[in-house]
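First comes the structure, then the notes that go with it.
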Amino acid sequence: MQQELFIYNTLSRSKEKFEPITKGMVGLYVCGPTVYSDVHLGNCRTFISFDLIYRYLLHLGFKVRYVRNVTDAGHLEGDRDEGDDKFAKKAKLEQLEPMEIVQKYTVGFRDVMREFNALPPSIEPTATGHICEQIEMIKEIIEKGYAYEVNGTVYFDVEKYNKEFSYGQLTNRKLEELLEGTRELSGQDEKRGRLDFALWIQAKPETLMKWPSPWGWGFPGWHIECSAMSSKYLGETFDIHGGGMDLQATHHTNEIAQSQACNHKAPVNYWMHTNMLTVNGVRMSKSAGNGFLPGELFTGDHPLLEKGYSPMSVRFFMMQTHYRSTLDFSNEALQASEKGYARLMNAVKTLESLKTASTSTSNITELKQKCYEAMNDDFNAPILVANLFEGARIINSVNDGKETITVDDLQLLKTIMHDFVFDVLGLKAENANAAHDKALQGVMEVILEIRKEAKAKKDFATSDKLRDELAKNKITIKDTKDGVNWSIEE
RNA sequence: GGUCCUGUGGCCGAGCGGUUAGGCAGAGCUCUGCAAAAGCUCGUACAGCGGUUCAAAUCCGCUCGGGACCUCCA
């Protein structure tokens, strides 16, 4: 079943056959979070999308080195090449050391990813852990003549670079067009060109996070970390670089420029961009104020949410939309996914108790084929899901005795369902505790209501029996003047 | 202003030249003590107007919506 995998490449704006640099191996780099606040759901969507991609590559048998960085320094507020570092700013607000901020939100981010059942990357390098590499790279860019220093700050010379390379290739734009969209340089600007961006930024006296460099104390610009770390772990040219679409125009464009200036070759063969998550048609973002945290989503504790949704039903919700499409968020859509997810998981459970027959009424091999075709076509998870529902239909029909299946086909069906539902889509049976607790609560309410009615009718035989039988099951009932309490003995 | 993306049945969302996407909701039927679950059947959707074609949701043009990026964000 080794068909060809096709990937939509932002560089060419088309689906291309995927051919790794080294047979059987894939180098994958994804721009990770900036850990200066809680991740919101929009961030999660990107990482869950790439988790699907990572999982499918693994499923196909590739040895994948998946690098996802953690930006813990150098990400400025505003593109003024000045101002406070995000971490330092937040640190002042929270009265914490910058690295306390980093630690706090890094841990939070990993917890959330675990809840969504996202596999950890092979390497999660941090910007602060690779200051030397970044400095070395900046030095090299200066040596090659594509950067210049002004008062301890180093800028990338975009116009010079553009003379030999193509700066706007990722967004298919010409330099002149890009220039039109930028403001004029004022007399106070240190930059030579309007599009020039900082590689290294001079520290101010109050800057908390700073390192020594050939240009004095300072800190790295945002874009250089990804170039430095991706080339360190994946080589000067690697297979796939991914990230959210919002990074395409600036961050990734600058990454290409940095690496190309340094090595004189394209750093990445396939650029992949995931689309945004919207709420009521508007992009979820920090500035729009319509972003909610994963925790709020799980508990339902947010004005936009009617109720809580489990991590797996949210993950399933995301899997029903292609990664390159925007995904609009609504309670109705989420509830639909919740039910669909339950139906799929029920079918997988039913699979274990199916009876076999001498013939099959469904073509399981064809189903398998369709599943692979869907995923090989640029990771089309929605179509995969549709095929899995066809599998669910078959399972239920066999279970009802309306269809039959052979031993071999049943085995194949089990393989398909398990491989794709668990390994590829990354779904898992929900931790049953929450559901059980809720169910138990309901059961107890029913029992206590019956007991209350019995007591009202002075049917104490029944009421006492209920209390005694529950006690035998380690559930204690206490009548108080405010009503009935119950608890479970530990 | 510039560069793009997009408009699919009640909702979400695939498809992107000829074939039932799928899920949720709704209606009917089967099953069933009742209910649920499950299965079957059903709405015959592609913003509007033109054009290309034997054939268009799918290609082209125009009109009208929605959104993204160009400024920190996955």
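The sequence lines fix the lettering, A, B, ..., with proteins before strands; numbering per chain opens at 1. Predicted model, so just to flag it, every value in this text is computed and none were measured.
Not counting sequence neighbours, the partners of A:Tyr233 by the side chain to side chain donor-acceptor pair (under 3.5 Å) test are A:His130. A:Asn331 is linked by a side chain to side chain donor-acceptor pair (under 3.5 Å) to A:Tyr309, counting only residues two or more places apart in sequence or in another chain. Residues that satisfy the side chain to side chain contact (heavy atoms under 4.5 Å, CB included) test with A:Glu124, not counting sequence neighbours, are A:Arg68, A:Val70, A:Phe109, A:Arg110, A:Pro121. The side chain to side chain donor-acceptor pair (under 3.5 Å) check on A:Asn387 picks up nothing, with sequence neighbours excluded. Under the side chain to side chain contact (heavy atoms under 4.5 Å, CB included) criterion, A:Thr10 pairs with A:Leu170, A:Gln248, A:Trp271, A:His273, sequence neighbours left out. Scanning for salt bridge (charged side-chain N to carboxylate O under 4.0 Å, His left out) contacts around A:Lys370 gives A:Glu366, with sequence neighbours left out.
Base contact: A:Leu277 has a heavy atom under 4.0 Å from a base atom. Using a 4.0 Å heavy-atom distance criterion, A:Gly32 is classed as a sugar-phosphate-only contact. Using a 4.0 Å heavy-atom criterion, one finds that A:Gly243 contacts the sugar-phosphate atoms exclusively.
For residues 391-403 of chain A, the pairs satisfying side-chain hydrogen bond (donor to acceptor under 3.5 Å, both in side chains) are A:Thr361-A:Glu403, A:Ser362-A:Glu403, A:Glu390-A:Arg393, A:Arg393-A:Glu403, with sequence neighbours left out. Legend: salt bridge (charged side-chain N to carboxylate O under 4.0 Å, His left out) pairs involving residues 331-345 of chain A, not counting sequence neighbours, sorted by first then second residue: A:Lys307-A:Glu338.
Distance noted for atom P between B:G2 and B:C62: 14 Å (whole Å). Nucleotides B:U41 and B:C31 place their C1' atoms 15 Å apart, quoted to the nearest Å. Nucleotides B:C12 and B:A25 are separated by 11 Å at their C1' atoms, to the nearest Å. With C1' as the reference atom, B:G9 and B:U44 are 9 Å apart, rounded to whole Å. When the P atom is compared between B:C60 and B:G18, the two are found 15 Å apart, to the nearest whole Å. For the P atoms, the distance from B:A37 to B:C24 is 11 Å, rounded to whole Å. B:U8 and B:U20 have their C1' atoms separated by 15 Å, given to the nearest Å. A distance of about 10 Å separates the C1' atoms of B:U52 and B:A56, rounded to the whole Å.
In this structure, A:His273 places its NE2 atom 18 Å from P of B:A68, rounding to the nearest Å. Atom P of nucleotide B:G23 and atom OH of A:Tyr341 are separated by 18 Å, given to the nearest angstrom. Here B:C24 presents its C1' atom at 13 Å from NZ of A:Lys307, a figure rounded to the nearest Å. With rounding to whole Å, A:His252 atom NE2 is found 13 Å from B:C70 atom P. Protein atom OH of A:Tyr309 is 16 Å distant from nucleotide atom P of B:C24, rounded to whole Å. Per the geometry, CG belonging to A:Asn387 stands 11 Å off P belonging to B:G23, to the nearest Å. If you take CG of A:Asp246 and C1' of B:C72, they are 10 Å apart, rounded to a whole angstrom. Rounded to an integer number of Å, the gap from CZ of A:Phe197 to P of B:U71 is 13 Å.
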(request) Give the B/S/- string for nucleotides 28-45 of chain B, one per nucleotide from 5' to 3', where a protein heavy atom under 4.0 Å of the base yields B, of only the sugar-phosphate yields S, and otherwise -. (result) ----------BSS-----
(request) For nucleotides 2-21 of chain B, just jot down a letter per nucleotide in 5' to 3' order: B, S or -, based on protein non-hydrogen atoms under 4.0 Å. (result) BS-------SSSSS-----B
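The 5' end of RNA chain B is approached more closely, in terms of each residue's nearest nucleotide, by A:Gln335 than by the other of A:Gln335 and A:Thr274. Remark on RNA chain B: of its neighbouring residues A:Ala249 and A:Lys339, the 5'-side contact belongs to A:Lys339, judged by nearest-heavy-atom nucleotide.
Stem regions annotated for RNA chain B: B:1-7 with B:64-70, B:10-12 with B:22-24, B:26-30 with B:38-42, B:47-51 with B:59-63, counting only runs of 3 or more consecutive pairs of Watson-Crick or G-U type with both contacts under 3.5 Å.
At most 12 heavy atoms of other shown residues, nucleotides or ligands fall within 6.0 angstrom of atom CD in A:Glu97.
Residues A:Ser12 and A:Glu16 have side chains that bring a donor and an acceptor to within less than 3.5 angstrom of each other.
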Could you give the side-chain donor-acceptor pairs of residues 312-320 of chain A under 3.5 Å, partners two or more places apart or in another chain?
residue	atom	partner	partner atom	Å
A:Ser313	OG	A:Ser310	N	3.3
A:Ser313	OG	A:Ser310	O	3.0
A:Ser313	OG	A:Ser310	OG	2.8
A:Arg315	NE	A:Leu425	O	2.7
A:Arg315	NE	A:Gly426	O	3.3
A:Arg315	NH1	A:Asp51	OD2	3.0
A:Arg315	NH1	A:Phe116	O	2.9
A:Arg315	NH1	A:Asn117	O	3.4
A:Arg315	NH2	A:Asp51	OD2	2.8
A:Arg315	NH2	A:Leu425	O	2.9
A:Gln320	OE1	A:Ser337	OG	3.0

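Taking the ring centre of A:Tyr155 as origin, the terminal cationic atom of A:Arg192 falls outside the region bounded by 6.0 Å and 45° from the ring axis.
Between A:Asp377 and A:Lys15 there is a salt bridge, since a side-chain N of the basic residue sits under 4.0 Å from a carboxylate O of the acidic one.
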